[in-house]
Amino acid sequence: MWRIVGENITQQFNRRTIFRNISFEIKSGESLVLIGPNGSGKTTLIRIICHLLRPTAGKVTYLNEGKRISFEELQPHLGLVGPYLQLYNNLTAFENYTFFSKIRGLPVDVERFRDLMKRLGLAGREMDELRTYSSGMLQRMKYVCALIHDPDVLILDEPTSNLDEEGVQIVYRIIEEQKRDKILILATNEPGEFRFGDKQIHIAA
Amino acid sequence: MTSRSTLLHKAWYVFQKDLHQEFRTRYAINAIFLFAVTTLIVVSFSIGPAGLSAQVLSPLLWIIIFFSAMSGLSHIFVREEEQQTSDTLRLVAPANAIFLGKWLFNAVLLIGLEILIVPLYLIFMNLEVKNPGGFAAIILLGSLGVSTVATIIAAIISRASARGALFAVLSFPITLPILVSAIHGTGMAIAGRPMVEMMGDYQILFAFLVVIFTASVLLFEFIWII
């Protein structure tokens, strides 16, 4: 059982306060949706949860089976898809997959790679450099790399950006599977995606 | 799924990934080798085999090495920022593994450059090194020091707007103790002085390498996580 607890998180850039005193708690089998207009700080909060940004005040605590763990211990169990997370465009899809598998301490499972590529509608493009991919294909490839390790915590920022209808449906199936027994955190502006959250945080601009 | 990779494994994977990318784009390799070869040719044409003393030839060699390093070693972190992959890397790998992988890449690149440039320099300058073992050890220790400084400074400047200028400006004062000892030691090795007389330079270079490497490993996480 995984738990992520945010306590009184405040973020300021220079003198501008982005948000103040946001608290939340989410555990395996739950989903949290961050809702707010552009510029309200959804991405900033996600970056704080993922240890990509230090908050001005407050803290995020990670727990596994009731025991507090460091971010480094959570890292192998975390998957993130967001517009600011780019893959290595001058490497092929398979080379990206190989790198992310190895760095996560996993064997390079070619069958799983093929399955993920097929599931995300990218079959046949395994050996192409990512710079030849369209923006929608790159978004799909981000899911391939985020799902390599079947993460216990999946965080999606603007999960369906750049995707066509087929891609959107693929992502919705991934979301439904993830929220069944794992942690899902979603930041979105799409009203149709609010339903995925058992809990919601409304962030005002 | 459990993690089976140690820190050193992860550092090795970061190194492999950077090497793979570099051989595909050749950005840093082109920059550093072209600068070194151009400078070497300019120096050799302007001076030639004029029989200059070791006290002059030694600084010239280190000028070529230092400025070649400055022309390409910052790329290791700048590339991650420019391609917006630094957040991806932050997410999947511990900071120390990233530093070690990137340091290894820069050290290999600089030593690879020297394997090409130093023999050419000796040939063009018609220079005979009378203490080759001491000479190689000084070049190796100095290069490891320069690549360590270059790696940590590259991490610091990678998000700045005027990266190129900042890299050289910040690196030079920190590299100065390395350059002073390396130039002195190289001159002594060319002149054929015994190892025991060069021990002071070795000690300074080794001590500086240990200090700057340890400080870099300890401080890197604070630089790397915004």
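Lettering follows sequence order; numbering is per chain, from 1.
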Undergrad: Measure B:Thr85 against the heavy atoms of chain A and call it side chain, backbone, both or neither at under 4.5 Å.
TA: both

Undergrad: Would you mind telling me which of B:Glu81, B:Glu80, B:Glu221 makes a salt bridge (Lys or Arg N to Asp or Glu O under 4.0 Å) with B:Arg90?
TA: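 Of the listed residues B:Glu81, B:Glu80, B:Glu221, the salt bridge (Lys or Arg N to Asp or Glu O under 4.0 Å) partner of B:Arg90 is B:Glu81.
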
Undergrad: Classify the side-chain pair B:Gln21/A:Asn90 by whether it contains a donor and acceptor separated by less than 3.5 Å.
TA: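 A pair is found: one side chain offers a donor N or O, the other an acceptor, under 3.5 Å apart.
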
Undergrad: Let me know if B:Phe23 has heavy atoms under 4.5 Å from chain A in its side chain, its backbone, both or neither.
TA: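 Interface part for B:Phe23: neither.
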
Undergrad: Hey, what do you get for NE2 (A:His202) to CG (A:Leu34), rounding to the nearest 0.5 Å?
TA: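 Separation between the atoms: 10.5 Å.
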
Undergrad: With a 4.5 angstrom heavy-atom cut-off, is it the side chain or the backbone of A:Leu78 that approaches chain B, or both, or neither?
TA: side chain

Undergrad: Quick one: what part of A:Tyr84 sits under 4.5 Å from any heavy atom of chain B, side chain, backbone, both or neither?
TA: both

Undergrad: Can you say whether the rings of B:Phe213 and B:Trp103 are parallel (under 30°), tilted (30 to 60°) or perpendicular (over 60°)?
TA: perpendicular

